[in-house]
Trainee: 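Just passing along the structure, written as structure tokens.
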Amino acid sequence: MSNWPTTSVHGVNAVNFDFMTTANWNEALSSAVEGYLQRVNTVAQDVSVPTFENTLLVLEHASSVLSDTFSALMCAKSHATEEMLELTSTWSPRITQICAEALQNEEVFARLQAAHRANENWSAEQIKLYEDWAWEFKEAGCGLSVSDKQRICELKTELSRLETEFDHLNLKNANNTIPVRAKQLSAAPEGLLDQCARAQKDGVEYVCIPVNSAHVEPLLETLPDRAAREQLWRAWTGRGKGQTEGDVSTADLTQSILRARGELATVLGYTNWAEYMMARRMESAPDAILKVLRTTWDSLNSAAKDNLAHLQSWSEDQGLPDSLQPWDVPYYSHLYQQEHYNLLKDINIKEYLPLPVVRQAAFNAATQLFGVTFEEDPTIPTYHPDAVGYVVRDGDHTLGTLLVDDFARPSKEPGAWMNVFAAAHQLNGGNNAGVINVLNIPVSPPGTPTLLSYDEMITIFHELGHGLHGLLGKTTYPSHSGTNVSRDFVELPSQLLENWGNNPECFLNMAQHWKTHEKMPAEVFAQMKEGTFLSERFMKIAYLQSAFTDLLMHTRPYQG
């Protein structure tokens, strides 16, 4: 990128994150915006016959630089300092507004359409690029009234502001802690609470537990103290409701987002937000999606009810005094698996999954499947000391760089994701891809290895699948690169790698005890896989509930 400092790593330009102060981010983004507007204006003012080269290709270059620059900022926001939060709060709505206004330019849209009408030998890729750009102009409001265009721009800008604010509040709430009596946490997994703050009140020691999945999920599975489980579950599932001290309610913010989405969809001619968002998906009808969800729910819910009834009966035999509550299910499911799969009683799965071994196994899978290799390089600039840089090669050809950011910290949002700070495409020679993989693995105590749960292991493979999607892009145009595909397809590469990690040959070759280096017995792996079905079924029900909620909220007609 020419508009900000870069550093060359084995011939690949990498973002110089070390150099990017607030002032430099502002300069880089301002420069990218200026270049974007100049190129769009060049198309608008061009009086020559519209062609692919003087119209679509110019727009593509304009969008590419701005997209990469802003994406780099969002990658760096994985270390969400106050400065980074302020930068994204400023630039997210600003860039949204600038792009919305630029894409309402009727002269540029007319030239785009004229170039398409005059084409004789455009490739399928060029035609797809035209269709994508035409969609962008139409959903920005081209062809609508001046007042509608103005309102679309206002709503998009407002949504960007509101959604950014929501993300920041979500991070704040995930970092919120609740005090739990230390004696109630005596069965916590080793090392999980070492980074937690401690407090004393009336001679009683408390541990301040962060209300995020990295801490709460392992505790819900392992704590015999039912009151502690309930306290943790209520705080965790109640995030954003303002029910615990320090938690900030997002209810009003959520309603504002829903109202703005509903109005924007209506102005653009759709019945509701769901219809608007699904317009270019494999299935564009919300009712059809709802039917699929209901069918899936019916098939899963019956089996889940049977499982729950069985677990209830078994839990009563273990001393549960009344009905299973949501905070009981993870704990008794875990006990049930150990009871019914004897080999799991005396074995700690985590001890067979040390982080360095799993990470290398994921890289090895990528090498076997795609022929790419990963070489750690400490000279690659990163946005946080925890992030590790790798040069990615395909034989003698350098594809780009991968930053791996594994560990949980207060400045990182919950979850796991992949992001791109430089898209792979043939306009830049196809060798400047820059990708990050972000996880939230709890930090292990000093001097002890980082050991992974089965889910954390699968997540490493999953996110590397997304990363490979970004790194291996061979598209000509940047807006088609990597995960810039139909939303329905985005999860395919990640599922491919995830299933590879789940393959017995891959898993059993990888799973070795961190002390003895003995490999996990095949029968233990088989029992572990079989034992996960119970908890997986409950999780799928929870996912479906979230999907129903999302769809039903966004199919409501806008009321004004």
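Only heavy atoms go into these numbers, but all of them, side chains included; no hydrogens, no water, no symmetry mates. Sequential numbering from 1 along the given sequence is applied to the chain's residues.
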Trainee: Quick check: do Asp46 and Thr55 have side-chain heavy atoms less than 4.5 Å from each other?
Mentor: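 They are not in contact (no side-chain heavy atoms under 4.5 Å apart), so the answer is no.
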
Trainee: Residues in side chain to side chain contact (heavy atoms under 4.5 Å, CB included) with Ser486, at least two apart?
Mentor: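 Side chain to side chain contact (heavy atoms under 4.5 Å, CB included) check on Ser486 returns Asp488.
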
Trainee: Tell me yes or no: between the side chains of Ser481 and His425, is some donor less than 3.5 Å from an acceptor?
Mentor: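 Not at all, the side chains of Ser481 and His425 share no donor-acceptor pair under 3.5 Å.
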
Trainee: Return each pair, listed once, that meets salt bridge (Lys or Arg N to Asp or Glu O under 4.0 Å) where at least one residue sits in residues 69-98; pairs must be two or more places apart or across chains.
Mentor: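 Counting only pairs at least two positions apart or across chains, the salt bridge (Lys or Arg N to Asp or Glu O under 4.0 Å) contacts touching residues 69-98 are Lys77-Glu413.
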
Trainee: For Arg239, which residues count as a salt bridge (Lys or Arg N to Asp or Glu O under 4.0 Å) partner, sequence neighbours excluded?
Mentor: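 Listed in chain order: nothing, the list is empty.
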
Trainee: Kindly assign one of parallel, tilted or perpendicular to the pair Tyr383 and Phe17, based on the angle between their ring planes and the thresholds 30° and 60°.
Mentor: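 The rings of Tyr383 and Phe17 stand perpendicular, inter-plane angle above 60°.
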
Trainee: Can a donor-acceptor pair be found, under 3.5 Å and without considering hydrogens, that links the side chain of Asn105 to the backbone of Ala44?
Mentor: no

Trainee: For the atom pair CD1 (Ile95) and CG (Leu29), what is the distance rounded to the nearest 0.5 Å?
Mentor: 5.0 Å

Trainee: Please list, chain by chain and in numerical order, all residues satisfying ring pair (Phe, Tyr, Trp, His ring centres under 6.0 Å) with Tyr36, sequence neighbours excluded.
Mentor: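 Tyr36: no ring pair (Phe, Tyr, Trp, His ring centres under 6.0 Å) contacts found.
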
Trainee: Could you list the residues that satisfy ring pair (Phe, Tyr, Trp, His ring centres under 6.0 Å) with Tyr276, not counting sequence neighbours?
Mentor: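 Tyr276 satisfies ring pair (Phe, Tyr, Trp, His ring centres under 6.0 Å) with Tyr270, Trp273 once adjacent residues are dropped.
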
Trainee: Report the distance from atom CG of Leu451 to atom CD1 of Ile441, rounding to the nearest 0.5 Å.
Mentor: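 Nearest 0.5 Å value for the CG-CD1 distance: 10.5 Å.
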
Trainee: Give the intermediate values and the outcome of side chain to side chain donor-acceptor pair (under 3.5 Å) for residues Ser479 and Glu60.
Mentor: CA-CA 7 Å; Ser479 63; Glu60 191 71 359; 2.6 Å; yes

Trainee: Name all residues meeting the ring pair (Phe, Tyr, Trp, His ring centres under 6.0 Å) criterion together with Phe407; count only those two or more places apart in sequence or in a different chain, and write none if there are none.
Mentor: none

Trainee: Which atom pair, heavy atoms only, marks the closest approach of Ala100 to Ala140?
Mentor: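 Looking at all heavy atoms of both residues, the closest pair is O-CB, 4.1 Å.
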
Trainee: Between the main-chain N or O of Pro445 and the side-chain N or O of Thr448, is there a donor-acceptor pair closer than 3.5 Å?
Mentor: yes

Trainee: Using the ring centroid of each side chain, check whether Phe52 and Tyr477 are separated by less than 6.0 Å.
Mentor: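 For Phe52 and Tyr477, the ring centres are under 6.0 Å apart.
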
Trainee: If you look only at pairs with a residue in residues 160-170, which of them pass as a salt bridge (Lys or Arg N to Asp or Glu O under 4.0 Å), with sequence neighbours excluded?
Mentor: Glu158-Arg161, Arg161-Glu165, Glu163-Arg261

Trainee: Considering only residues two or more places apart or on different chains, which pairs with a residue in residues 443-469 satisfy salt bridge (Lys or Arg N to Asp or Glu O under 4.0 Å)?
Mentor: none

Trainee: Can you find a heavy atom in the side chain of Leu403 that is under 4.5 Å from one in the side chain of Val435?
Mentor: no

Trainee: Where the side chain of Asn509 meets the backbone of Cys506, is there a donor-acceptor pair that is under 3.5 Å apart?
Mentor: no

Trainee: Looking at Thr157, is its backbone amide N or carbonyl O close enough to the side chain of Ser160 to form a donor-acceptor pair, meaning the two atoms are under 3.5 Å apart?
Mentor: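 Between the backbone of Thr157 and the side chain of Ser160 there is no qualifying donor-acceptor contact (under 3.5 Å).
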
Trainee: Salt bridge or not between Asp386 and Lys412? Use side-chain N to carboxylate O under 4.0 Å.
Mentor: no

Trainee: What is the minimum heavy-atom distance between Ala174 and Pro414, and which atoms define it?
Mentor: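 Taking Ala174 first and Pro414 second, the nearest heavy atoms are CB-CG, 3.4 Å.
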
Trainee: Which heavy-atom pair separates Phe70 from Ser92 by the least distance, and what is that distance?
Mentor: CZ-OG, 3.4 Å

Trainee: Output the distance between atom CG (Leu66) and atom CZ (Arg39), rounded to the nearest 0.5 Å.
Mentor: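 Between atom CG of Leu66 and atom CZ of Arg39 there are 10.5 Å.
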
Trainee: Do Leu112 and Pro50 make a side-chain contact, defined as non-hydrogen atoms from C-beta onward lying under 4.5 Å apart?
Mentor: no

Trainee: Heavy atoms only: give me the nearest Val490-His469 pair and the separation to one decimal.
Mentor: O-ND1, 4.2 Å

Trainee: Look at the aromatic rings of Phe507 and Phe525 and report parallel, tilted or perpendicular, splitting at 30° and 60°.
Mentor: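 The rings of Phe507 and Phe525 lie parallel, inter-plane angle below 30°.
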
Trainee: Go through the steps for His384 and Ser411 under the test side chain to side chain donor-acceptor pair (under 3.5 Å), then give the verdict.
Mentor: CA-CA 10 Å; His384 189 275; Ser411 64; 5.0 Å; no

Trainee: Is it true that, when you exclude Lys172 itself, more than 12 heavy atoms of the residues, nucleotides or ligands shown sit nearer than 6.0 Å to its NZ?
Mentor: no

Trainee: List the residues meeting side chain to side chain contact (heavy atoms under 4.5 Å, CB included) with His513, not counting sequence neighbours, and say none if there are none.
Mentor: Glu351, Tyr352, Lys515, Thr516

Trainee: Is it the case that the side chains of Glu491 and His462 hold a donor-acceptor pair, with the cut-off being a distance below 3.5 Å and no angle test?
Mentor: yes

Trainee: Please list all pairs passing the side-chain hydrogen bond (donor to acceptor under 3.5 Å, both in side chains) test where one or both residues lie in residues 362-373, with sequence neighbours left out.
Mentor: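 Passing the test, one end in residues 362-373: Gln360-Asn364.
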
Trainee: If we count only N and O atoms by modelled type, under 3.5 Å, do the side chains of Trp91 and Asn26 hold a donor and an acceptor together?
Mentor: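 Indeed, the side chains of Trp91 and Asn26 share at least one donor-acceptor pair under 3.5 Å.
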
Trainee: Run the salt bridge (charged side-chain N to carboxylate O under 4.0 Å, His left out) test on Glu190 and Lys350 for me, step by step, so that the C-alpha distance in whole Å, both residues' side-chain angles and the decisive distance to 0.1 Å come before the verdict.
Mentor: CA-CA 11 Å; Glu190 184 179 359; Lys350 281 191 169 188; over 6 Å; no

Trainee: Given side-chain contact (heavy atoms from CB on, under 4.5 Å), test Asp132 with Arg280 step by step and report yes or no.
Mentor: CA-CA 10 Å; Asp132 290 345; Arg280 302 190 80 200; 3.0 Å; yes

Trainee: Ignoring hydrogens and angles, tell me if any N or O in the side chain of Asp550 forms a donor-acceptor pair with the backbone of Ser546 under 3.5 Å.
Mentor: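 Here the side-chain-to-backbone pair does not exist.
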
Trainee: Shortest non-hydrogen contact from Leu468 to Ala366?
Mentor: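 Closest heavy-atom pair between Leu468 and Ala366: CD1-CB, 3.8 Å.
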
Trainee: Answer whether the closest heavy-atom distance between the side chains of Val40 and Leu103 falls below 4.5 Å.
Mentor: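 In short, these two side chains do not touch, never coming nearer than 4.5 Å.
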
Trainee: Quick one: list whatever passes ring pair (Phe, Tyr, Trp, His ring centres under 6.0 Å) with Tyr130, sequence neighbours left out.
Mentor: His116

Trainee: Distance check, rounded to the nearest 0.5 Å: His168 atom NE2 versus Leu85 atom CG?
Mentor: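 Going from NE2 on His168 over to CG on Leu85, the span is 4.5 Å.
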
Trainee: CG of Leu129 to OG1 of Thr475: how many Å apart, nearest 0.5 Å?
Mentor: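 One gets 10.0 Å once the value is rounded to the nearest 0.5 Å.
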
Trainee: With rounding to the nearest 0.5 angstrom, report the CG to CG distance, Leu73 to Asp68.
Mentor: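 So the gap between those two atoms works out to 12.5 Å.
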
Trainee: Do Glu107 and Val43 have side chains that approach each other closer than 4.5 Å (heavy atoms only, starting at C-beta)?
Mentor: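 They are not in side-chain contact.
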
Trainee: State which residue, out of Asn437, Asp405, Leu439, Asn440, fulfils the side-chain contact (heavy atoms from CB on, under 4.5 Å) condition with Trp417.
Mentor: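 So, applying the side-chain contact (heavy atoms from CB on, under 4.5 Å) to Trp417 and each of Asn437, Asp405, Leu439, Asn440, only Asn440 qualifies.
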
Trainee: Hey, are the side chains of Phe370 and Leu497 touching, using non-hydrogen atoms and a 4.5 Å cut-off?
Mentor: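 In contact.
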
Trainee: Using a cut-off of 6.0 Å, state whether more than 12 heavy atoms not belonging to Glu131 lie near its atom CD.
Mentor: yes

Trainee: Less than 4.5 Å apart, side chain to side chain, heavy atoms only: is that true for Met510 and Met457?
Mentor: yes

Trainee: Within the 3.5 Å criterion, strictly below it, is a donor on His215 or Asn212 matched to an acceptor on the partner's side chain?
Mentor: yes

Trainee: Can you check whether Glu125 reaches His480 side chain to side chain, under 4.5 Å on heavy atoms?
Mentor: yes

Trainee: What residues, two or more places apart in sequence or in another chain, satisfy side chain to side chain contact (heavy atoms under 4.5 Å, CB included) together with Val388?
Mentor: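 Partners of Val388 by the side chain to side chain contact (heavy atoms under 4.5 Å, CB included) criterion, ordered by chain and then number, come out as Glu376, Tyr390.
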
Trainee: Could you pull out the closest heavy-atom pair between Ala416 and Thr459, with the gap in Å?
Mentor: CB-CG2, 3.6 Å

